[in-house]
Every structure is written in structure tokens, then in C-alpha cells.
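Some notes on the structure that comes next.
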Amino acid sequence: MAQGQGFGFGLGKMKELTEAFKKAQQVQEGAKRLQEELEQMEIEGEAGGGLVKVVLSGNQEPRHVTVSPDALKESPETVSDLILTAMQNAYRKSTDTMREKMEELTGGLNLPGL
């Protein structure tokens, strides 16, 4: 190794590394705030024109299910299908919300795999 070359880690590389660590820390702090925000959200899915409603948190924890008395006039299979459809609808909305929030959090950072 030539005199003064070190390990190829000049001052410019140290600055880049320091900036990368700062960005990673910002993302980590933002992710913690996002997780808290998602826990407080309520995302509703519905089916049958509102006959069945399912509410999930932003991080997809089930919160509650509402079944209209009119839905109970239907067959058990129909009610089951309505509940499943409402759950899927709420899950899709929750997933989309999480994706959007993560894109906002990591936007412009050029992080691999995101």
C-alpha cells in the first residue's frame, strides 16, 4: 500500500458515510412516529352498500365489525361473504395507506429495496 492512501476512506467518503447515517436515523425516527400514527388510525372497509363494515387500525389490527340488521335477513353464506368482502376492502385500504406513508417517509432517499 502506498504511503498516505490508508484504506481508501478519504475525508469525502467520511462525509458521505456521516450523511448516510443521518438519513438512516431520520428514517428510523420517522418510522417510529409512523407506527404510532398507524396505531391510532381507523380504516373502514364495507360491503353490500354498507350492510357490513369492518374497521382496522392503520397497522391492520381489527377494531370492530358492524353488521346491519338488514344484512341479518340474508342467508348465513351471504353474511359471511359480506364480512369477508368488507375485511378485504379494509385490508386493501390499510395496505395502501401504509405504502403511501412509507413512500412519504423515504421519498428521495434512494434507499435500496424500498
Side-chain angles (χ1 to χ4, degrees):
M1 177 176 351
Q3 184 74 19
Q5 284 186 331
F7 293 100
F9 233 67
L11 291 178
K13 296 287 183 186
M14 285 299 288
K15 185 174 180 171
E16 288 177 22
L17 187 59
T18 300
E19 288 299 314
F21 280 130
K22 284 182 186 177
K23 286 181 181 180
Q25 186 176 17
Q26 289 171 348
V27 170
Q28 184 178 16
E29 290 168 0
K32 183 178 178 184
R33 285 191 306 274
L34 176 57
Q35 184 63 30
E36 292 167 358
E37 182 182 336
L38 289 170
E39 287 174 10
Q40 300 304 314
M41 283 182 174
E42 289 198 344
I43 298 173
E44 183 179 273
E46 66 175 54
L51 290 176
V52 174
K53 296 179 182 179
V54 172
V55 176
L56 303 177
S57 70
N59 61 6
Q60 301 168 342
E61 286 185 41
R63 292 280 172 83
H64 55 87
V65 176
T66 304
V67 179
S68 161
D70 289 337
L72 297 177
K73 296 174 186 173
E74 302 295 329
S75 71
E77 294 81 15
T78 300
V79 174
S80 293
D81 287 344
L82 289 170
I83 293 171
L84 178 60
T85 300
M87 289 173 59
Q88 290 169 333
N89 182 256
Y91 177 80
R92 253 188 315 277
K93 287 180 180 179
S94 179
T95 301
D96 290 346
T97 299
M98 283 195 308
R99 184 178 303 111
E100 288 170 13
K101 296 288 185 180
M102 284 302 294
E103 286 173 1
E104 289 173 17
L105 177 64
T106 61
L109 292 181
N110 275 339
L111 297 174
L114 295 178

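Bear in mind that the values here come from a model prediction, so they are computed numbers and not experimental data. What you see below is based on every heavy atom in this structure, not just the backbone, and it leaves out hydrogens, waters and symmetry mates.
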If only atom types and distance count, is the side chain of Ser94 paired as donor or acceptor with the main-chain N or O of Ala90 below 3.5 Å?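 No, Ser94 side chain to Ala90 backbone: no donor-acceptor pair under 3.5 Å.
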Hey, is the main chain of Pro76 close enough, under 3.5 Å, to the side chain of Ser80 for a donor-acceptor pair?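 Answer holds: yes.
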State the [atom1]-[atom2] distance between [X] and [Y], to the nearest 0.5 angstrom.
| X | Y | atom1 | atom2 | value |
| --- | --- | --- | --- | --- |
| Lys93 | Glu46 | NZ | CD | 6.5 Å |
| Glu104 | Lys101 | CD | NZ | 5.0 Å |
| Asn59 | Leu34 | CG | CG | 9.5 Å |
| Lys23 | Thr18 | NZ | OG1 | 12.5 Å |

Take Ser57 and Glu39 through the test side chain to side chain contact (heavy atoms under 4.5 Å, CB included) and record every step on the way to the result. CA-CA 6 Å; Ser57 70; Glu39 287 174 10; 5.8 Å; no
Under 4.5 Å between any side-chain heavy atoms of Leu72 and Val67, yes or no?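 Yes; the side chains approach each other to less than 4.5 Å.
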Do [X] and [Y] sit in one hydrophobic cluster, given that two such residues count as connected whenever their side-chain heavy atoms are within less than 4.5 Å of each other, even indirectly?
| X | Y | answer |
| --- | --- | --- |
| Ile83 | Tyr91 | yes |
| Val65 | Val55 | no |
| Ile43 | Leu82 | no |

Could you go step by step and tell me if Met41 and Thr97 meet the side chain to side chain contact (heavy atoms under 4.5 Å, CB included) rule? CA-CA 10 Å; Met41 283 182 174; Thr97 299; 3.8 Å; yes
How far apart are the C-alpha atoms of Leu56 and Val54, what are their side-chain angles, what is the distance that settles it, and do they pass the side chain to side chain contact (heavy atoms under 4.5 Å, CB included) test? CA-CA 7 Å; Leu56 303 177; Val54 172; 4.3 Å; yes
Run the salt-bridge test on Lys73 and Asp70 with the 4.0 Å N-O cut-off and return the result as yes or no.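 Salt bridge flag = yes for Asp70 with Lys73.
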What I want to find out is whether Glu19 reaches Lys22 closely enough, with some N-O distance under 4.0 Å, to be called a salt bridge.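 Result for this pair is yes, salt bridge flagged.
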Please name the pair of heavy atoms, one in [X] and one in [Y], separated by the smallest distance, quoted to 0.1 Å.
| X | Y | answer |
| --- | --- | --- |
| Ala71 | Val52 | CB-CG2, 4.4 Å |
| Glu44 | Asn89 | O-OD1, 4.0 Å |
| Met98 | Gln60 | CE-NE2, 3.5 Å |

List the steps and the verdict of side chain to side chain contact (heavy atoms under 4.5 Å, CB included) for Arg99 and Met102. CA-CA 5 Å; Arg99 184 178 303 111; Met102 284 302 294; 5.9 Å; no
